[in-house]
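First the structure, in the form of structure tokens, and then the observations on it.
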Amino acid sequence: MDLRAYLSRHPLIVAPRLLGWRLAKDGCEVRLIELEAYADLEDPGSHAHRRPTRRNSPMFGPPGHAYVYFCYGNHWMVNIVAHEPGRAGAVLVRGALPFAGEALLRSRRPKARSDRDLLNGPGKLAQALRVDGSHSGLDLLSEGSPLRLLPPENWRPDHEPDWERIRVTPRVGLAEGKGHELPWRFVLAEEE
DNA sequence: ACTTCGATGTCCT
DNA sequence: GGACATCGAAGTG
């Protein structure tokens, strides 16, 4: 099973399994510690709940690509496309820790007062990594892509999540009726 | 064409 | 803990 196949499962399966993976861009790397699953048919809070549009079309495309969209007038949200064949879905990256290039990450987040303020939010993460709409649709698994998704060292396809260390909660920021009660958020507990 | 409102961050009290 | 800036996308007519 290669990485693409690993991501070709329901986003709810993929999300907890991507904890500890890294996003890399121009010398910076961040380690993912907070992720949310967004599905299609059964998930009214997902952009893939409806038909494909110019914005959400990456969610319907190949797993392992990026889906980046603009929200609340200021912020870019980074997603990793993940879904079963013939379906749609993605994993939203909501939080991370610096792994490499920390000084550069910091310089792009001048408003971050504390360490935990640097990457603890989807908009903050995109700002620190300088990801925006121009990256939507990029293949995160292809060498040579400016934005890449990297598995942990010693990763194996049969790796299972360490549930002892994962906190499962409802997703953040969803209105009533949008699946706000679904426990589809996964956080590496002792690292938040 | 116009309206609504969001998968948020920041600053202020 | 609360106000609010900010601007596309998508829904409505």
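Lettering of chains follows the sequences in order, A, B, ..., and the numbering in each one begins at 1. A quick note: this is a predicted structure, and the numbers were derived from the prediction, not measured. Computed from heavy atoms alone, side chains included, the values below leave out hydrogens, waters and symmetry copies.
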Problem - Any A:E160 side-chain heavy atom under 4.5 Å of A:R17 side chain - result: yes

Handout entry: Counterpart residues, side chain to side chain donor-acceptor pair (under 3.5 Å), relative to A:R130 (two or more places apart)
Key = none

Handout entry: Nearest atoms (heavy-atom pairs only) where A:P11 meets A:A82
Key = CD-O, 3.5 Å

Problem - A:H10 and A:R87, any side-chain heavy atoms less than 4.5 Å apart - result: yes

Fill in the blank from the handout: For A:D132, the side chain to side chain contact (heavy atoms under 4.5 Å, CB included) test, sequence neighbours excluded, returns A:W76, A:S134, A:H135

Practice task
For the pair A:D117 and A:R106, find out whether any cationic side-chain nitrogen is under 4.0 Å from an anionic carboxylate oxygen.
Solution key: no

Problem - Residue-level proximity of residues 39-52 of chain A to DNA chain B when a heavy atom falls under 4.0 Å - result: A:G45, A:H47

Problem - Interface residues of residues 63-82 of chain A with DNA chain C (non-hydrogen, below 4.0 angstrom) - result: A:F70, A:Y72, A:G73, A:N74

Problem - First and last nucleotide of DNA chain C, 5' to 3', lying under 4.0 Å from heavy atoms of chain A - result: C:dA5 to C:dG11

Exercise for the section: Remember a base hit wins even if backbone is also touched, and classify A:K178 as base, sugar-phosphate or nothing at under 4.0 Å, heavy atoms. Expected result: nothing

Problem - Sequence-distant partners of A:H180, side chain to side chain donor-acceptor pair (under 3.5 Å), two or more places apart - result: none

Exercise for the section: Using the test salt bridge (charged side-chain N to carboxylate O under 4.0 Å, His left out), find all partners of A:R4 that sit at least two apart in sequence or belong to another chain. Expected result: A:D139

Handout entry: Dot-bracket pairing map - DNA chain C, Watson-Crick plus G-U, both contacts under 3.5 Å, | cross-strand
Key = |||||.||||||.

Exercise for the section: Walking along DNA chain B from 5' to 3', note the first and the last nucleotide with an atom under 4.0 Å from a heavy atom of chain A, and give both. Expected result: B:dG6 to B:dC11

Handout entry: Side-chain heavy-atom pair A:H83, A:P63 within 4.5 angstrom cut-off
Key = yes

Fill in the blank from the handout: Apart from A:Y38 itself, members of its ILVMFWY cluster (side-chain separation under 4.5 Å) are A:M59, A:F60, A:Y67, A:Y69, A:M77, A:V81, A:L92, A:L174

Handout entry: Heavy-atom pair with the smallest gap, counting every atom of A:L104 and A:C28
Key = CD2-SG, 3.7 Å

Handout entry: Min side-chain heavy-atom separation A:L129-A:L119 under 4.5 Å
Key = no

Completion exercise
Whichever of A:A175 and A:N120 has the more 5' nearest nucleotide on DNA chain B, that residue is A:A175

Problem - 4.5 Å side-chain heavy-atom contact, A:L12 and A:L182 - result: no

Problem - Pairs satisfying side-chain hydrogen bond (donor to acceptor under 3.5 Å, both in side chains), at least one member in residues 18-27 of chain A, at least two apart - result: A:R22-A:E29, A:D26-A:R108

Completion exercise
Those residues at least two apart in sequence (or on a different chain) that pass side chain to side chain donor-acceptor pair (under 3.5 Å) with A:E181 are none

Exercise for the section: Using a 4.0 Å heavy-atom cut-off across all strands, classify A:R171 as base, sugar-phosphate, or nothing. Expected result: nothing

